[in-house]
Amino acid sequence: MIFGAFEKQDLDLNFDVTVRSGVASLVARSHDSLRVDSEATESSVDLPPGSRTELDSTGGSKQKRKRSITPRKPDIEGSIASDKLAMKMEEDSSDAGVLLQQMNEEHPKKRVKQESDAIAEGFKVKKEEDRDDAFLISVSTWDRKEGKLKKEDKEESGEDPMMDVELEDEDLTSGMEVDADDIDAWMRWTTLAHGGVLFPPPYEPLPSAVKMLYNGQPVDLPPESEEVAGFYAALIYSDVVQDHIFPTNFFEDWLGVLQKYPPRDDTKIDNFDLCDFRPMFEHFESEKAAKKAMSADEKKEMKTAKEYLEAPYAICILDGMKEKVGNFRVEPPGLFRGRGNHPKKGKLKLRVRPEDITINIGEDSPIPVPNIPGQWKKVIHDHTVTWLASWVENINGHNKYVFLAPGSSLKGQSDMNKFEKARELKSHIDTIRKGYEADLDSKVTADRMRATAMYFIDKLSLRAGNEKGEDEADTVGCCSLRCQHLTLETPNIILFDFLGQDSIRYFNRVQVSSQIYGNIRIFKENKVDEDLLFDHITTSGLNRYLGTYMAGLTVKVFRTYNASIIFQGLLSERNLDGRSVEEKVNTYNAANRDIAILFNHRRSVPGQADSHEVALGTSKMNYLDPRITVAWCKASDVPLEKIFSKSLIDKFSWAMSVDEEWQF
DNA sequence: TCGAAGACTTGGAAGAATTTTG
DNA sequence: CAAAATTCTTCCAAGTCTTCGA
């Protein structure tokens with residue numbers, strides 16, 4: 001009895017695309033076992049009952065819940081005081097070496113690793129050295145942050161005069177009694193030095209021979225409007241432009257720019273159909289070709305120059321440790337590429353200036369100087385957040401942040417916390433399942449809806465499904481499912497068909513109990529297609545309910561939990577004795593694939609419109625506890641590099657030391 | 001109490017780099 | 001060897017969930 005089968009033809013609308021190594025179907029027979037059938041490999045595996053709830057004795061340290069108390073935040077906002085301005089780093093000295101030196105002078109007790117030779121030369125650091133170093137750093141920082149080391153932690157931070165100031169400040173200004181322990185819990189760093197963000201180079205006007213045509217005639221555009229025209233010109237043959245919304249939004253915004261910066265030859269542009277961007281497109285193409293045709297040496301030289309330019313921004317010093325920064329390059333202007341049917345796609349994403357950017361940095365660290373003219377919007381010293389810089393993008397008004405790289409200790413710490421929380425769910429899952437099963441026939445509609453939603457979240461790993469606005473793509477998750485997204489088929493089959501995150505289609509035919517089936521029929525009664533299926537529940541209500549079972553439990557934890565526990569079960573079922581490394585890797589990938597299919601992780605196949613294949617990377621990156629993989633590799637003698645790329649090994653450095661017995 | 005703002009994780013596309021194939 | 005295929009990295013959009021503020 002097949003439950004929730006992905007059928008080949010369901011994976012895309014018009015094309016017969018082969019899902020190459022297996023179409024898996026999730027088979028749920030009872031709440032105690034989930035089965036993943038891999039049709040193509042003709043193998044089916046069952047998790048032994050109980051394996052999902054097996055308790056683990058190695059349980060990690062209980063992490064203190066971040067912000068479990070809600071005292072008023074200390075006033076952390078700073079200003080660009082004139083004396084600080086004087087301390088600004090000089091353009092060519094704002095590199096890691098200088099940052100390190102400063103940190104050493106100001107915090108002599110925070111032993112900053114002296115690597116003057118390597119770091120002073122920044123970009124010249126050899127890759128291998130760099131990696132070893134990063135590994136050492138993240139391990140030691142991680143130790144420091146372990147809950148049991150908190151005492152030491154406190155003593156250490158006590159050495160920093162700024163911490164004392166913050167604490168006193170808090171005690172004075174808030175009526176609430178907050179002990180130093182609590183403050184400590186939501187401080188994410190003590191000292192932080194960094195080089196700010198790297199702005200893209202200013203726009204360079206096209207050669208005068210390259211002009212767009214309007215009504216067949218070349219138009220002399222000023223650089224400001226030429227730049228925006230160029231954004232569109234680069235896309236004229238691409239798929240993103242082949243609908244109505246994109247060009248319409250582009251044209252509207254471009255007309256706005258043209259009003260301010262009209263053609264110098266007084267051409268009046270008001271009809272999009274008369275615009276011919278092909279000369280610009282061809283120019284870009286030939287530039288691309290020229291770049292491609294460069295000799296290997298030239299390419300290498302350019303790369304080195306780029307790394308040299310970026311070196312001061314690529315790392316920061318957090319609590320005395322060198323850490324990689326993630327997205328230090330400011331997003332260049334362009335046309336907004338919303339996914340799916342986004343009503344704002346094609347709109348102009350403006351160039352970000354220093355005046356748009358808030359810098360978050362340690363009080364004692366030199367304030368970086370922007371690499372283009374201008375002053376930062378403001379400089380703050382917020383120890384409770386992990387971002388180095390932020391700005392508001394103009395399309396949706398959302399905040400954007402510069403964070404540390406995935407391999408940093410800060411990110412590694414959160415990542416480990418995430419998986420530890422998922423492991424904690426193991427000891428509550430039975431109670432939770434009993435709870436929602438009992439509520440499936442509740443007389444209270446809200447409870448019955450919540451129970452039914454929980455069933456989908458638990459069994460199908462659906463996302464929570466927060467409410468979305470009119471000015472966003474119409475996508476849904478569990479709580480935002482509408483009647484039109486579920487079709488009932490006899491006997492007891494539910495057909496799910498909706499667009500999830502990134503407008504990826506979720507199509508699944510699922511056999512359910514008559515209780516679930518009946519519930520859905522009731523929830524759909526007297527409603528139209530556009531009505532909410534679960535109109536008596538919300539994501540925040542659902543999360544509040546989950547929180548009563550386990551502190552910090554939310555819907556998303558179920559995804560992490562399900563992915564990791566099922567994956568581990570799949571791996572442990574295969575006896576790999578005497579198999580070649582290649583066969584073992586194939587087994588691993590098959591299990592990974594089953595998870596990716598359950599989670600509906602897909603990517604489009606280049607060239608073939610609307611056709612998708614299973615993507616393994618997302619689950620590996622976000623949902624599968626890396627310690628499962630490390631332990632499996634050790635136990636089965638498979639080099640980790642066969643499974644994790646360099647950047648994943650870096651990201652998961654916190655997980656490398658588990659032994660082969662380790663269990664999720 | 002509730003909508004908006006804020007902070008962080010999750011996600012696919014595109015481009016770059018590397019490996020395989022012919 | 002080149003080009004095709006595959007894998008990895010970068011980019012930045014789109015989620016989740018918490019906190020803020022009226």
Side-chain angles (χ1 to χ4, degrees), chain A residues 20 65-73 186 188 200 235 238-240 288 291-292 296 299 303 326-332 334 336-340 342 344-345 349 358 360 382 384-387 390 392-393 395-406 410-411 414-415 417-418 463-469 472-473 475-480 499-504 538-544 546-547 552-560 563 596 599-606 612-623 641-651:
Chain A
R20 289 177 312 145
R65 210 148 85 77
K66 189 189 151 202
R67 301 179 199 194
S68 51
I69 50 142
T70 52
R72 203 184 56 81
K73 268 196 187 180
W186 46 272
R188 305 298 301 271
L235 298 172
S238 89
D239 289 344
V240 303
K288 242 190 265 176
K291 207 174 154 194
K292 203 177 162 190
K299 283 180 187 166
K303 201 181 158 187
N327 53 330
F328 55 84
R329 298 174 195 89
V330 173
E331 292 176 17
F336 177 69
R337 310 273 282 263
R339 313 256 166 88
H342 196 118
K344 291 185 176 177
K345 65 181 169 186
K349 200 170 85 164
T358 300
N360 189 34
D382 188 344
T384 70
V385 295
T386 66
W387 52 266
S390 75
V392 178
E393 54 79 14
I395 302 290
N396 299 296
H398 292 155
N399 286 355
K400 296 260 185 167
Y401 301 91
V402 173
F403 291 114
L404 298 193
L410 218 47
K411 291 286 189 193
S414 323
D415 210 30
N417 289 165
K418 174 183 78 184
R463 296 185 186 86
N466 286 309
E467 234 179 302
K468 291 191 74 180
E472 298 173 275
T475 62
V476 301
C478 187
C479 293
S480 50
L499 298 183
Q501 175 166 353
D502 294 308
S503 294
I504 297 289
T538 63
T539 52
S540 55
L542 191 50
N543 283 336
R544 219 168 22 246
L546 289 173
L553 183 60
T554 60
V555 171
K556 113 193 226 292
V557 180
F558 279 79
R559 280 170 74 80
T560 315
F599 277 50
N600 203 38
H601 288 147
R602 323 230 235 116
R603 61 157 180 252
S604 55
V605 176
H612 292 80
E613 64 185 24
V614 177
L616 307 188
T618 306
S619 48
K620 196 186 269 189
M621 169 91 93
N622 299 303
Y623 290 110
E641 298 75 46
K642 298 272 181 200
I643 307 287
F644 284 162
S645 66
K646 239 161 63 171
S647 62
L648 279 185
I649 289 179
D650 188 34
K651 172 180 157 86

Shortest non-hydrogen contact from [X] to [Y]?
X	Y	result
A:M621	A:K651	O-CE, 3.3 Å
A:S414	A:R188	OG-NH2, 3.6 Å
A:K411	A:L404	CE-O, 3.6 Å
A:N327	A:Y401	ND2-O, 2.8 Å
A:K344	A:I395	NZ-O, 3.0 Å

From [atom1] of [X] over to [atom2] of [N], roughly how many Å is that when rounded to an integer?
X	N	atom1	atom2	result
A:E331	C:dA14	CD	C1'	13 Å
A:R339	B:dG12	CZ	C1'	5 Å
A:R603	C:dC8	CZ	C1'	11 Å
A:K418	C:dC17	NZ	P	13 Å
A:E641	B:dT19	CD	P	13 Å
A:I395	C:dA14	CD1	C1'	14 Å
A:K646	C:dT10	NZ	C1'	15 Å
A:E393	C:dC12	CD	P	12 Å

A:K299 side chain to A:K292 backbone, donor-acceptor under 3.5 Å: yes
A:N399-A:S390 side chain donor-acceptor pair, cut-off 3.5 Å: no
Looking at [options], which one has an atom nearest to any side-chain atom of [X]?
X	options	value
A:H612	C:dT9, B:dC8, B:dA13	B:dA13
A:N466	B:dA7, C:dT16, C:dA14	C:dT16
A:K556	C:dA13, C:dC17, B:dC8	C:dC17
A:W387	B:dA7, B:dG12, C:dT9	B:dA7
A:A464	B:dA16, C:dT16, B:dC8	C:dT16
A:K400	C:dC12, B:dG11, B:dT9	C:dC12
A:K411	B:dT9, B:dG11, B:dG6	B:dT9
A:T618	B:dG11, C:dT9, C:dC12	B:dG11

5'-most by nearest nucleotide on DNA chain C - A:S645 or A:E467: A:S645
DNA chain C: 5'-proximal contact among A:F644 and A:T554 (nearest heavy atom):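 Going by which nucleotide is closer to the 5' end, it is A:F644.
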Hey, is the side chain of [X] poking within less than 4.0 Å of OP1 or OP2 on [N], counting only N and O atoms?
X	N	result
A:N399	B:dG6	yes
A:S647	C:dC8	no
A:R329	C:dT9	no
A:H398	B:dG6	no
A:T386	B:dA7	no
A:Y623	B:dT9	no
A:K468	C:dA14	no
A:S503	C:dA14	no

With heavy atoms under 4.0 Å as the rule, sort [X] into base, sugar-phosphate or nothing.
X	value
A:S414	sugar-phosphate
A:G397	nothing
A:P332	sugar-phosphate
A:T475	sugar-phosphate
A:K349	sugar-phosphate
A:G477	nothing
A:T539	nothing
A:L648	nothing

Nearest-nucleotide comparison on DNA chain B, the residue closer to the 5′ end among A:D415 and A:V240: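 Of the two residues, A:D415 wins.
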Earlier contact from the 5' end, DNA chain B, for A:F403 and A:R463: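 Its nearest nucleotide being more 5', the pick is A:F403.
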A:H601 and A:Y623 aromatic ring geometry - parallel, tilted or perpendicular at 30°/60° bounds: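 Parallel.
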